[in-house]
Amino acid sequence: MYRTHTCGELRLSDVGNEVTLSGWVQRTREMGGMTFVDLRDRYGITQLAFSTEGNEELNQKARKLGREFVIQVKGKVIERSSKNMTIPTGEIEIIVAELNILNAAKTPPFTIENETDGGEEQRMKYRYLDIRRKAVLDKLRLRNKVSLETRKYLDSVDFMDVETPYLIKSTPEGARDFVVPSRMNQGEFYALPQSPQTFKQLLMVSGIDKYYQIVRCFRDEDLRADRQPEFTQIDCEMSFVEQEDILNTFEGMVKHLFKSCRDVEFEGDFPRMTYAEAMETYGSDKPDIRFGMEFKNMNSVTKDKGFKIFDEAELVLGIVANECAVYTRKQLDALTKWVQRPQVGAKGLVYAKYNDDGTFKSSVDKFYSQEDLQAWADHTGAKPGDLIFILSGDTDKVRSQMNDLRLHMGDELGLRNPNEFKPLWVIDFPLLEWDEDSNRFHAMHHPFTSPKAEDVALLETDPGKVRANAYDLAMNGVELGGGSIRIHDKSLQALMLKHLGFTEEEANKQFGFLMDAFEFGAPPHGGIAFGLDRLTATMGGSDSIRDYIAFPKNNSGRDVMIDAPATIDNEQLKELALKVEIEKE
């Protein structure tokens, strides 16, 4: 056998035992007549000791070992004279009697340690080396634990794991599909699923009652830290349920996951907030409620004072940064430039310092008296020593800009502790949102979301005011999951598609199979899907999901390790009846 124990297993109780270990050479050190080697595997590190007194030839062989050599050793466990209590095996070492080199290794392109000298692109190119680092392994361990505990919880409440197809039909709603040409049906294409949405609804029609799947999903969209072209969902659906049933079930799941995977317990029920309240108070449908700095509508105390920027604005918003009146002009100028970046898009930033002596200093002193600025402080709840920031403009834009500034200040002031977790249910989303480019309504979630019963009549008179039976679970500024009660009636589904701009013919072509199924006794049903990658990254206190995915893509959607996507040869193209034409810029 290659090993009797792993490199993270041996303890003082094993002293005197003869053992065999295998693993990778982390580093070697020469000290007098001794050579020490740190041997690493997935489970930990064990120190090996080679002595010239026992076997000079063996010692010389050990000195020639390079980083990442794969070796096997046999020897006796002894107590270390100089203990290393930072690792679990730090009280013992192995006096090596036999060394076998299983595979030599080139010098790796970066240091395979927690603190590595490799840049992200380089580490992604050699991801199989990057995964050897404990920092990455720990993240993948957490992901594994979350997956395992998810299955345990859902099984305990009678959910059934059912697989759904990966080769499906392209649908026009949502993000862009990845498409797959069919060789056997030339000129026709499959799409990779953005989610198993219609299939899980069909499973409810099938009588499955409680379905789940930890499933790969695919979306051809622009990437960022919390997006990948292929990602994993904890996808769930239930029959004969209302919104409250789903929120209670999956609040229980999230509590179970945090307790079992992070030893974090949440007291009481998760707070809830309507979409309208979230946008008005935080400018986001996934607000970070770990800290305050809530928005204050400043229209009543800023307008009609001769300051044109405020007078002509649809909305003037303020936030208070506690104890920040000490900010220098340089710091304030830097913040102004920050909000003026294209990513934020504000034209400028107004501030008012509430000094400790009760006076005010503002960037708009010319238009507002000390009494006016006192009214600002009273309106926002600012105290001496605080700093008021104000942005203005069109409602949607200024809310988005102030949300960016609020989160930035939360980071600057250390208010976003990655080891503090604040969940929030956001409910009562709008059913539809108007798209200026296409000049029509789009589904805010998807076309199968049920409107609130009391708002159905508004579909004909004022579609923009219809609320959905939809809900998201947000935590620390991240949307962990979202779902809705679904439409289960054919006529209502047809009405919904009509308001989304589908003709009757288009609706039948795209979704006729689902509406036909509704005529065979579809139960009331609803569900939710959690992003496994986002959930795990949030648990781990990370902004980026990449380290929680074994082989992620970069910001261009490219796998730099295997160099994908790539061209295919002409024979394959011919077989698929495809011709590639690249547009010239």
Side-chain angles (χ1 to χ4, degrees), residues 173-174 195 197 201 236-238 240-254 266 268-289 294-297 315 317 395-400 402-403 406 422-435 441-489 492-493 495-497 499-500 524-531 534:
E173 291 292 320
S195 82
Q197 182 60 47
Q201 290 190 250
C236 307
E237 199 81 2
M238 304 169 70
F240 303 110
V241 290
E242 296 176 331
Q243 178 172 298
E244 197 68 22
D245 301 307
I246 292 175
L247 299 193
N248 289 336
T249 298
F250 290 96
E251 186 168 312
M253 185 186 82
V254 172
F266 295 106
D269 297 333
F270 291 175
R272 300 182 186 183
M273 182 180 293
T274 67
Y275 171 87
E277 291 171 330
M279 296 306 294
E280 184 176 331
T281 309
Y282 298 102
S284 171
D285 60 2
K286 49 180 185 296
D288 186 343
I289 59 171
E294 293 90 350
F295 295 0
K296 299 294 181 182
N297 185 321
L315 178 63
L317 279 181
T395 297
D396 290 344
K397 287 184 179 179
V398 76
R399 282 177 173 173
S400 175
M402 188 61 91
N403 171 57
R406 175 181 178 268
K422 292 284 187 178
L424 173 71
W425 286 111
V426 180
I427 59 175
D428 293 355
F429 279 80
L431 182 71
L432 307 169
E433 55 184 346
W434 184 257
D435 182 71
F441 282 107
H442 286 260
M444 180 165 274
H445 277 70
H446 53 61
F448 317 108
T449 296
S450 173
K452 286 190 172 292
E454 59 269 31
D455 290 356
V456 170
L458 292 173
L459 277 171
E460 296 291 354
T461 59
D462 197 351
K465 288 189 177 179
V466 179
R467 294 167 301 157
N469 273 317
Y471 34 82
D472 281 359
L473 181 64
M475 186 179 290
N476 298 4
V478 175
E479 178 197 328
L480 295 186
S484 65
I485 299 299
R486 322 301 187 189
I487 297 170
H488 66 282
D489 175 76
L492 182 57
Q493 186 64 73
L495 181 63
M496 177 68 170
L497 293 172
H499 284 285
L500 292 173
H525 59 280
I528 193 168
F530 290 86
R534 286 186 187 178

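Being a predicted model, the structure only gives us computed values, none of them experimental. Because only heavy atoms are used, hydrogens play no part in the values below, and waters and symmetry mates are left out as well, while side chains stay in.
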*Could you walk me through whether Trp425 and Leu473 pass side chain to side chain contact (heavy atoms under 4.5 Å, CB included), step by step?*
CA-CA 5 Å; Trp425 286 111; Leu473 181 64; 3.7 Å; yes
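When the side-chain hydrogen bond (donor to acceptor under 3.5 Å, both in side chains) test is applied to Asp245, no partner is found at least two apart in sequence or on another chain. Under the rule for a salt bridge (Lys or Arg N to Asp or Glu O under 4.0 Å), Arg399 has no partner lying at least two apart in sequence or in another chain. Listed by chain and residue number, nothing satisfies the salt bridge (Lys or Arg N to Asp or Glu O under 4.0 Å) test with Arg406 (two or more places apart in sequence, or in another chain). In this structure Asn403 satisfies the side-chain hydrogen bond (donor to acceptor under 3.5 Å, both in side chains) test with no other residue, sequence neighbours excluded.
Using a 4.5 Å heavy-atom threshold, the side chains of Lys452 and Val466 count as separate. Pro287 has its side chain within reach of Leu424: a pair of non-hydrogen atoms, C-beta onward, lies under 4.5 Å apart. Contact check for Cys236 versus Ile246: no side-chain heavy atoms found under the 4.5 Å cut-off. Contact annotation: the side chain of Leu432 approaches that of Leu500 to within less than 4.5 Å [non-hydrogen atoms, C-beta and beyond]. Side chains of Tyr282 and Glu294 form a contact here, defined as non-hydrogen atoms less than 4.5 Å apart.
The aromatic rings of Phe448 and His446 sit tilted relative to each other, their planes meeting at an angle between 30° and 60°. The aromatic rings of Phe530 and Phe250 are tilted relative to each other, their planes meeting at an angle between 30° and 60°. Using a 30° and 60° split on the angle between ring planes, Phe429 and Tyr275 fall in the tilted class, from 30° to 60°.
Sorted by first and then second residue, the salt bridge (charged side-chain N to carboxylate O under 4.0 Å, His left out) pairs with a member in residues 276-286 form an empty list; sequence neighbours excluded. For residues 455-464, the set of pairs meeting the salt bridge (charged side-chain N to carboxylate O under 4.0 Å, His left out) definition, not counting sequence neighbours, comprises Asp455-Arg467, Asp462-Lys465.
At most 12 heavy atoms of other shown residues, nucleotides or ligands fall within 6.0 angstrom of atom CG in Asp396. Applying the 6.0 Å contact sphere to CD of Glu242 captures no more than 12 heavy atoms from other residues, nucleotides or ligands.
Nearest approach of Ile528 to Gly481, heavy atoms of both residues: CG1-C, 4.5 Å. Closest heavy-atom contact between Ile485 and Tyr471: N-OH, 3.7 Å. Residues Pro447 and Ile487 come closest through the heavy atom pair O-CD1, 4.0 Å. Counting all heavy atoms, side chain and backbone alike, Pro423 lies closest to Ile289 at O-CD1, 3.7 Å. Residues Pro463 and His499 come closest through the heavy atom pair CG-ND1, 4.3 Å. Closest approach of Asp269 and Glu251 over heavy atoms only: CA-OE2, 3.3 Å.
Note: Leu315 CG to Lys397 NZ = 13.5 Å, rounded to the nearest 0.5 Å. Remark: Ile427 CD1 to Ser484 OG distance equals 14.0 Å, nearest 0.5 Å. Taking CE of Met475 as the start and NZ of Lys422 as the end, the distance is 10.5 Å to the nearest 0.5 Å. To the nearest 0.5 Å, atoms CD (Glu433) and NE2 (His445) are separated by 10.0 Å.
With hydrogens and angles ignored, the 3.5 Å screen pairs no side-chain donor or acceptor of Gln201 with any backbone N or O of Arg486.
Looking at Leu431, Asn469, Val456 one by one, the single match for side-chain contact (heavy atoms from CB on, under 4.5 Å) with Ser450 turns out to be Asn469.
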